[in-house]
**Student:** 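Can you keep this structure in mind? I'll have questions shortly.
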Amino acid sequence: MKNKLLLLVFLGCSFYSYSQHVYLYEYRASFSSSATGTPLYFESTISTNRGQLSSFNQTRPSSININEFKMVEFSQEVTSVTSFARYSPGFIGGCNNITSNTNTLPFTGCIQGTQLLSGTFNAFQCLNESYTSFKLIKMESLFTLNTEGATSNELKECAPRDIKISSGCQFKFALEYQLTGSSTWQEVIPYGSNSMTVSISTSDFPGLNTGDNFRLRARYLPTYGTTTANAYSDEIILKSASCSPVFDNVVPSPTTCNYSSDGGFKISVKRDLDTNEKIIFTLYDGINDAILLNQESTTSLINNGDGTFSYNWLTDLDAASYRVKYQTLNGTGNIPGTDSSWDTVEFSPVFTVAKPAKVVFSITNRSDEKCFAANDGYIDISASKENSRSLFYQLTKGTVIQVFNGSSWVDYTGSNPMSETYYSFDNETTTRISKLGEGDYRVKVRDSQECYMRNN
């Protein structure tokens, strides 16, 4: 049994339009030189084929500290990154007056390391470099990463869910959440070098109730509680959902008669439905699981008073063996029987809609009346039927139904022959119809459920 949300209601919100191209840029380094007593010029520019990331230009510093960490947006994809630097230490013994260096690397979504900088600055003499960090990372939309191929926006209470932060580049981030009705964002995964895909469970979110929506986002700056807009990803909205109800049992109902097609069953589960939750049942042939017979759904189950809740199948069934699958969903809609999700849902045990024993009877003896108008003829009948049911007969003379008036059989003139012209057997399976006069008679036999003898 399985819980599924058919309606996809992931929502994406962002400080950026993720139809654009957003990048996390980090450049942390320090530079110094022994050339402090003479004019000193330092320049460092980082650019891409789509635009500049940062530029520093300083004269005569004792040291240069670069500390860039921000989100950058371009209208087109970045495919290369270039570092340009110029450094003039002055004319000091052993130092060359080098004008500029440039280094370019291809960009396919992730640069982490100092190879771009070392390729630019290591050629400069009399310049001391310390590279703390250099990163350029394409920020993918959390909404896009977590809706592609998704079947629902549910976080089920019985199963964790993976949230993808990146498809190909690992970096530091925190995962934050905000409950419905709250203006506060809280950490569910602290800031650090977390994996590109993280697992979350409903137990990770104190105060989250079944059926509540909540928001998730990634924070890219280490400072907890920062309000800097550039520190965050777009947002996704998930909903806490109950697990599918646990199966309890199936109680089949037999057909009324051996020849009728009015059987059914009651299926019970071990919890009630949540608000706006629907349960969908699909009925399969009990021998060939590939044969889907019918589907029914409801938003309301019957409380059995013992902690279980049930549903009575509405469509009449033939006597046969069956199996059933069920799923729950939140919101409107349905889950067609052809939906691939049914392939992973477990079957109930096979159950059988039975049919009662046939009503069969025969005339075992008869006697004509012994004298004219004596009305002392009789017919003996023997019958078989379903256990616990009673047998009744109806007598017709010629074409007219007969009733017994206390002393003899007379023509029936009433308006309700089904209830007024049937008489109980003398014993469980045998009876004698007495006080018969001359004539041609026909007998019908039925049981207490109004099932008759039939040839088929």
Side-chain angles (χ1 to χ4, degrees), residues 250-267 283 285-287 291 293-294 296 312-322 324 350-369 375-456:
V250 173
V251 179
S253 302
T255 60
T256 302
C257 302
N258 182 272
Y259 50 80
S260 63
S261 299
D262 56 357
F265 65 91
K266 180 176 77 171
I267 182 169
L283 184 67
D285 182 85
I287 299 173
I291 299 177
L293 299 174
N294 208 340
E296 294 183 3
N312 290 315
W313 188 257
L314 299 179
T315 307
D316 287 341
L317 300 176
D318 292 323
S321 61
Y322 300 94
V324 70
V350 175
F351 60 92
T352 299
V353 172
K355 55 184 177 182
K358 292 181 179 180
V359 172
V360 179
F361 76 95
S362 62
I363 306 298
T364 58
N365 194 17
R366 67 178 183 171
S367 176
D368 297 331
E369 63 179 347
N375 292 333
D376 58 355
Y378 64 85
I379 300 172
D380 287 336
I381 298 173
S382 178
S384 61
K385 43 80 177 181
E386 176 70 15
N387 289 336
S388 78
R389 295 188 182 184
S390 303
L391 290 172
F392 301 84
Y393 68 89
Q394 182 190 68
L395 181 67
T396 300
K397 183 176 184 180
T399 60
V400 180
I401 297 173
Q402 303 293 292
V403 293
F404 193 70
N405 63 8
S407 59
S408 62
W409 291 93
V410 298
D411 291 350
Y412 174 67
T413 58
S415 60
N416 191 2
M418 288 299 295
S419 63
E420 295 177 341
T421 65
Y422 277 88
Y423 296 88
S424 299
F425 271 40
D426 296 335
N427 302 295
E428 184 176 358
T429 58
T430 61
T431 195
R432 171 171 286 187
I433 306 175
S434 303
K435 298 186 182 299
L436 298 179
E438 180 186 5
D440 295 327
Y441 293 94
R442 291 185 299 115
V443 176
K444 285 183 180 180
V445 174
R446 68 169 173 85
D447 65 17
S448 50
Q449 293 297 314
E450 299 188 1
C451 299
Y452 297 85
M453 177 175 169
R454 286 193 177 185
N455 293 326
N456 58 351

**Student:** Which pair of heavy atoms, one from Glu296 and one from Leu314, lies closest together, and at what distance?
**Tutor:** OE1-N, 2.9 Å

**Student:** So, do Val360 and Ser384 sit near enough that their side-chain heavy atoms are less than 4.5 Å apart?
**Tutor:** yes

**Student:** Can you check side-chain contact (heavy atoms from CB on, under 4.5 Å) on Lys444 and Tyr422, steps first, answer last?
**Tutor:** CA-CA 9 Å; Lys444 285 183 180 180; Tyr422 277 88; 3.8 Å; yes

**Student:** Could you walk me through whether Arg389 and Ser448 pass the side-chain contact (heavy atoms from CB on, under 4.5 Å) test, one step at a time?
**Tutor:** CA-CA 6 Å; Arg389 295 188 182 184; Ser448 50; 3.5 Å; yes

**Student:** Could you tell me how the ring of Phe265 sits relative to the ring of Trp313: parallel (under 30°), tilted (30 to 60°) or perpendicular (over 60°)?
**Tutor:**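 Rings of Phe265 and Trp313: parallel, under 30°.
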
**Student:** What's the separation between atom OG in Ser382 and atom CZ in Phe425, rounded to the nearest 0.5 Å?
**Tutor:** 8.0 Å

**Student:** Lys358 vs Arg454, test: side-chain contact (heavy atoms from CB on, under 4.5 Å). Steps then yes/no.
**Tutor:** CA-CA 8 Å; Lys358 292 181 179 180; Arg454 286 193 177 185; over 6 Å; no

**Student:** Tell me whether the count of non-hydrogen atoms from other residues, nucleotides or ligands lying under 6.0 Å of CD1 in Ile291 goes above 12.
**Tutor:**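 Atom CD1 in Ile291 is crowded, with more than 12 foreign heavy atoms closer than 6.0 Å.
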
**Student:** Ignoring hydrogens and angles, tell me if any N or O in the side chain of Asn427 forms a donor-acceptor pair with the backbone of Thr429 under 3.5 Å.
**Tutor:** no

**Student:** side-chain contact (heavy atoms from CB on, under 4.5 Å), that's the test. Do Tyr423 and Val403 meet it? Break it down for me.
**Tutor:** CA-CA 9 Å; Tyr423 296 88; Val403 293; 3.5 Å; yes

**Student:** Enter the distance from Ser260:OG to Asp316:CG here, rounded to the nearest 0.5 Å.
**Tutor:** 8.5 Å

**Student:** Hey, could you give me the CG/OG distance between Leu436 and Ser408, rounded to the nearest 0.5 Å?
**Tutor:**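 Answer for the CG-OG pair, Leu436 versus Ser408, is 10.5 Å.
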
**Student:** Test Tyr412 against every option in Glu420, Gln394, Gln402, Lys397 by the side-chain contact (heavy atoms from CB on, under 4.5 Å) rule and name the one that passes.
**Tutor:**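 Exactly one pass, corresponding to Glu420.
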
**Student:** Which of these, Asp368, Asn365, Ile433, sits in a side-chain contact (heavy atoms from CB on, under 4.5 Å) with Tyr378?
**Tutor:** Asn365

**Student:** Around atom CG of Asp440, are there more than 12 heavy atoms of other residues, nucleotides or ligands at under 6.0 Å?
**Tutor:** no

**Student:** Could you tell me the separation between the CG atom of Asp426 and the OG1 atom of Thr431, rounded to the nearest 0.5 Å?
**Tutor:** 3.0 Å

**Student:** Between OH of Tyr393 and CD1 of Ile379, what distance do you get to the nearest 0.5 Å?
**Tutor:** 9.5 Å

**Student:** Below 4.5 Å, heavy atoms only, C-beta onward: do Glu428 and Leu391 meet side chain to side chain?
**Tutor:** no

**Student:** What is the minimum heavy-atom distance between Gly263 and Val353, and which atoms define it?
**Tutor:**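 The answer is CA-CG1, 3.8 Å.
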
**Student:** Side-chain contact test, heavy atoms from C-beta onward, threshold under 4.5 Å: evaluate it for Leu283 versus Thr315 and give yes or no.
**Tutor:**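 When only atoms from C-beta onward are counted, Thr315 and Leu283 do not touch, as no gap falls below 4.5 Å.
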
**Student:** Are any non-hydrogen side-chain atoms of Glu386 and Gln449 less than 4.5 angstrom apart?
**Tutor:**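 The answer is no, as the side chains (C-beta and beyond) never meet within the 4.5 Å cut-off.
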
**Student:** Any donor and acceptor pair, going by atom type alone, linking the side chain of Trp409 with main-chain N or O of Ser434 inside 3.5 Å?
**Tutor:**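 Present.
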
**Student:** Could you check Pro252, Ser321, Pro254 and say which one makes a side-chain contact (heavy atoms from CB on, under 4.5 Å) with Thr352?
**Tutor:** Ser321

**Student:** Could you pull out the closest heavy-atom pair between Ile401 and Pro417, with the gap in Å?
**Tutor:**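 Smallest interatomic distance, heavy atoms only, reads CD1-CB, 4.0 Å.
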
**Student:** State the CZ-OH distance between Phe392 and Tyr452, to the nearest 0.5 angstrom.
**Tutor:**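 Here the rounded value is 11.0 Å.
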
**Student:** Met418 and Arg446: which non-hydrogen atoms are nearest, and at how many Å?
**Tutor:**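 Closest heavy-atom pair between Met418 and Arg446: O-NH2, 3.4 Å.
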
**Student:** Disulfide (SG to SG under 2.5 Å): which pairs involve residues 389-454, sequence neighbours left out?
**Tutor:** Cys257-Cys451

**Student:** Are Ile363 and Ile381 packed together at the side-chain level, in the sense that at least one heavy-atom pair is separated by less than 4.5 angstrom?
**Tutor:** yes

**Student:** Quick one: does Tyr322's side chain have a donor or acceptor within less than 3.5 Å of a partner on Gly264's backbone?
**Tutor:**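 No; judged by distance alone, with no hydrogens or angles, the pair does not exist.
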
**Student:** For residues Leu395 and Val443, determine if any side-chain heavy atom of one lies less than 4.5 Å from a side-chain heavy atom of the other.
**Tutor:**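 Yes, at least one pair of side-chain atoms sits under 4.5 Å.
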
